[in-house]
**Student:** 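What follows is a structure written as structure tokens; I'll ask about it next.
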Amino acid sequence: MAKYAVPRGTKDILPDETALWQRLESACRRVFGLYNYGEIRTPIFEATDLFARSIGVSSDIVSKEMYEFKDRKGRSLTLRPEATAPVVRAALENNLIGPDKLTKLYYIGPMFRYERPQAGRQRQFHQAGVEVFGSADPLVDAEIILLNLQLFQELGLNDLSVNLNSVGCSVCRPDYRQKLKEYFHDKVKKMCADCLNRYETNTLRILDCKEAGCQAALEGAPAAVASLCPECLAHFQAAIKTLDYQQVNFVVNKRLVRGLDYYTRTTFEIIAPSLGAQNAISGGGRYDGLVETLGGKPTPAAGFAVGMERVITLMTNDAVPAGQTARMGRQECLMTNEGDIILYLVTLGEEAKKLGFDQLVKLRKKGISAEIDYLGRSLKAQLKTADRLGVKYVYIIGEAELKQGQGILKKMATAEQKEIKFDSLEEEIKL
RNA sequence: GUGGUUGUAGCUCAGUUGGUUAGAGCAUCAGAUUGUGGAUCUGAGGGUCGUGGGUUCAAAUCCCAUCAGCCACCCCA
């Protein structure tokens with residue numbers, strides 16, 4: 001018998017499996033790059049306080065799942081249980097976040113949570129995720145969900161279910177919490193001990209309870225969507241409308257509340273029902289208050305993370321032929337280098353932006369790396385951004401172009417431009 | 001761990017024996033060009049002077065502590 005074993009909840013990944021991991025990692029890098037996200041690598045541990053303040057002291061993660069330790073100088077440090085807070089910290093510390101600036105980052109790496117191990121749950125596990133800072137546009141919510149789905153599609157994952165909800169903002173969430181408290185006031189005594197505790201400390205999380213005995217009480221609970229303030233409702237409806245238009249199959253799950261306190265407005269999870277009890281393979285949403293909480297200027301943000309072990313399980317079970325996922329490889333993309341964006345969509349006005357977003361989605365689905373303005377900036381500012389990105393083309397859609405059904409394709413290097421029908425854009429830039 | 005050294009705008013740095021409202025270059029943003037990037041010109045925004053105490057009528061400046069960075073040594077992937 002071996003003298004030593006891996007610590008409980010951890011795993012060795014051996015050569016026969018690392019091939020799969022490498023495929024997953026390279027797919028993440030390729031798709032994140034396609035959507036113009038840049039990689040960031042942060043330390044594996046951070047000041048404990050960073051997680052306490054961001055994730056919330058009453059959350060399960062902070063209250064009982066952190067790998068916390070003191071170093072020799074007595075500083076309280078914690079192995080990261082998730083990466084959003086560290087990424088925000090790093091982005092602030094290195095001035096990556098600024099006014100009139102959209103920042104898109106991704107990360108891949110190990111996370112640590114002290115939990116009872118089970119299928120799909122380890123104490124050291126891996127996540128790949130993205131974060132967008134600087135735009136409150138519901139199209140950003142749609143972008144990250146579409147990105148997430150494209151990643152899973154490339155990996156050949158099937159039978160996934162997208163759950164969507166809105167948890168409101170600092171204005172409307174207190175109202176919702178109050179409504180829940182009223183609803184559960186009499187029922188909570190008959191529910192499990194955790195729910196009784198959550199009732200006081202973190203009321204929304206009662207909705208997350210998996211105890212059989214609690215389910216009946218949860219059925220009739222009021223929905224967060226019904227308590228949203230006008231702004232949050234409009235935001236949620238806009239996000240839904242875009243996802244509908246892009247033919248994303250999703251369900252609004254009024255019981256979807258995520259275990260981290262920083263979420264606002266849109267939250268989502270992608271579920272693989274075949275996995276069993278721990279069946280969420282990715283999750284995320286908007287967190288418009290976190291940057292300010294961690295000491296930055298108020299900055300809207302959104303992101304998601306993929307549970308890599310769970311995806312690996314699906315890749316194994318579903319046995320996708322390797323050749324099939326290589327379809328979107330570099331050779332068939334117009335991407336010359338990882339991270340090179342070849343076209344920037346310049347749009348003027350809401351209508352043009354909607355149309356531009358549709359073009360953006362079409363291009364990315366074809367593996368053509370493109371970007372759009374989410375900040376509502378001027379024509380000139382958008383062109384400047386495009387120039388800085390080093391794009392080969394810019395495609396301009398303004399009011400005149402909307403009417404004519406064709407935009408202006410401009411080649412940056414020569415400044416020559418011509419009118420190209422919306423339908424022909426993809427053909428044209430392959431030349 | 002030991003010793004040294006440095007913390008002023010996003011970056012690089014000025015800032016007199018302590019003395020008005022802390023400056024410059026670059027970068028950013030806006031305008032010149034009411035719908036077109038780079039170049040130029042004009043203007044604007046941006047600062048807990050690392051943090052906390054102390055001395056003083058007055059502290060970016062002097063003193064103490066503390067935190068952080070950098071360099072060397074020790075050790076080491």
Side-chain angles (χ1 to χ4, degrees), chain A residues 36 38 40-50 52-53 69-78 86-105 109-110 133-136 291-301 339-357 359-360 369-422 425 428-429:
Chain A
N36 194 26
I40 185 167
R41 304 191 190 192
T42 66
I44 230 84
F45 57 84
E46 297 273 353
T48 299
D49 188 51
L50 174 69
R53 272 204 313 217
F69 63 97
K70 297 234 191 313
D71 72 7
R72 289 172 187 276
K73 272 280 188 66
R75 307 173 183 91
S76 180
L77 302 171
T78 293
V87 168
V88 172
R89 193 228 82 230
L92 283 171
E93 190 168 344
N94 297 286
N95 293 298
L96 269 35
I97 300 175
D100 297 316
K101 195 154 124 186
L102 192 79
T103 308
K104 298 167 69 164
L105 302 169
F133 301 100
S135 174
V291 173
E292 189 177 13
T293 300
L294 294 183
K297 302 226 167 77
T299 306
D340 275 4
I341 308 302
I342 76 140
L343 185 140
Y344 195 92
L345 282 144
V346 172
T347 62
L348 298 167
E350 279 300 309
E351 280 306 308
K353 188 167 70 174
K354 277 180 199 165
L355 204 144
F357 186 79
Q359 292 285 346
L360 177 74
S369 185
E371 184 57 299
I372 196 170
D373 169 69
Y374 287 122
L375 300 172
R377 309 177 74 202
S378 69
L379 171 63
K380 182 188 251 193
Q382 291 185 53
L383 278 164
K384 201 173 211 172
T385 301
D387 189 41
R388 281 203 196 116
L389 274 173
V391 298
K392 196 170 172 190
Y393 299 104
V394 139
Y395 190 61
I396 304 170
I397 308 171
E399 286 179 23
E401 289 73 26
L402 273 180
K403 284 177 195 154
Q404 294 163 18
Q406 53 187 12
I408 297 168
L409 184 69
K410 174 170 184 168
K411 194 169 186 176
M412 293 301 266
T414 59
E416 61 186 314
Q417 53 186 49
K418 53 183 171 179
E419 296 183 335
I420 300 295
K421 288 204 172 75
F422 298 147
L425 176 59
E428 195 66 31
I429 61 174

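Each chain gets a letter, A, B and so on, in the order its sequence line appears, and its residues count up from 1. Worth knowing before you read on, the calculation uses all heavy atoms, side chains too, and leaves out hydrogens, waters and symmetry mates.
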**Student:** Tell me the interatomic distance from A:L92, atom CG, to B:G50, atom P, rounded to whole angstroms.
**Tutor:**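 Value for this atom pair: 20 Å.
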
**Student:** To the side chain of A:A381, which of B:U36, B:A30, B:G1 is closest?
**Tutor:**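 Of B:U36, B:A30, B:G1, B:A30 is nearest to the side chain of A:A381.
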
**Student:** When you match A:A415 and A:K297 each to their closest nucleotide on RNA chain B, which lands nearer the 5' end?
**Tutor:**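 So the residue in question is A:A415.
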
**Student:** Is there a donor and acceptor pair, one atom on the side chain of A:Q382 and one on the base of B:G35, closer than 3.5 Å?
**Tutor:** no

**Student:** Rounded to whole angstroms, how far apart are CZ on A:R377 and P on B:G31?
**Tutor:**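 Answer to the nearest Å: 11 Å.
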
**Student:** Compare the minimum distances between each of B:G35, B:U36, B:C29 and the side chain of A:D100, then state the nucleotide with the smallest one.
**Tutor:** B:C29

**Student:** Do A:Q359 and A:L355 have side-chain heavy atoms sitting under 4.5 Å apart?
**Tutor:**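 A side-chain contact under 4.5 Å exists here.
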
**Student:** If you measure from the C1' atom in B:C11 to the same atom in B:U28, how many Å do you get, rounded?
**Tutor:** 11 Å

**Student:** Which nucleotide in the list B:A68, B:C11, B:U36 gets nearest to the side chain of A:K410?
**Tutor:** B:U36

**Student:** Atom CG of A:L375 and atom C1' of B:C29: how far apart are they, to the nearest Å?
**Tutor:**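 Rounding to the nearest Å, CG of A:L375 and C1' of B:C29 are 13 Å apart.
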
**Student:** Is it true that, when you exclude A:Q404 itself, more than 12 heavy atoms of the residues, nucleotides or ligands shown sit nearer than 6.0 Å to its CD?
**Tutor:**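 Yes, the 6.0 Å shell around CD holds more than 12 heavy atoms from other groups.
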
**Student:** How would you label the contact of A:R388 with the nucleic acid (heavy atoms, under 4.0 Å): base, sugar-phosphate, or nothing?
**Tutor:**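 The residue A:R388 makes sugar-phosphate contact but no base contact.
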
**Student:** Measure from the side-chain heavy atoms of A:K384 and tell me the nearest of B:U33, B:G1, B:C29.
**Tutor:** B:C29

**Student:** Would you state whether a donor and an acceptor, one from the side chain of A:D387 and one from the base of B:G37, lie under 3.5 Å apart?
**Tutor:**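 Checked by distance alone, the answer is yes.
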
**Student:** Starting at NZ of A:K380 and ending at C1' of B:U33, how long is that distance when rounded to a whole Å?
**Tutor:**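 After rounding, the reported distance stands at 6 Å.
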
**Student:** Grab the NZ-C1' distance between A:K73 and B:U66 for me, whole Å please.
**Tutor:**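 The answer, rounded to whole Å, is 11 Å.
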
**Student:** As a test of reading the structure: which of B:G35, B:G37, B:A68 is closest to the side chain of A:R75, going by heavy atoms?
**Tutor:**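 Comparing B:G35, B:G37, B:A68 against the side chain of A:R75, the answer is B:A68.
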
**Student:** Picking from B:G35, B:G10, B:G38, which would you name as closest to the side chain of A:N95?
**Tutor:** B:G10

**Student:** CE of A:M412 versus P of B:U36: gap in Å, rounded?
**Tutor:**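 Checked: the CE to P distance equals 14 Å.
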
**Student:** Show, in sequence, the C-alpha distance, side-chain angles and deciding distance for A:Y344 and A:N36, and conclude whether the side-chain contact (heavy atoms from CB on, under 4.5 Å) test is met.
**Tutor:** CA-CA 11 Å; A:Y344 195 92; A:N36 194 26; over 6 Å; no

**Student:** Rounding to an integer number of angstrom, what distance separates B:G50 and B:G31 when you compare their P atoms?
**Tutor:** 36 Å

**Student:** Counting side-chain heavy atoms from CB outward, which of B:G37, B:C29, B:G35 is closest to A:I396?
**Tutor:**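 That would be B:G35.
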
**Student:** Roughly, in whole Å, what's the span from CZ in A:F133 to P in B:G10?
**Tutor:** 18 Å

**Student:** Students often get this wrong, so: under 4.0 angstrom with heavy atoms, is A:E93 touching a base, only sugar-phosphate, or nothing?
**Tutor:** nothing

**Student:** In this structure, how many angstroms lie between the P atom of B:G10 and the CG atom of A:L96, rounded?
**Tutor:**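 Spelled out: CG on A:L96 to P on B:G10 is 14 Å.
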
**Student:** Is the closest side-chain donor-acceptor distance between A:T385 and A:R377 under 3.5 Å?
**Tutor:** yes

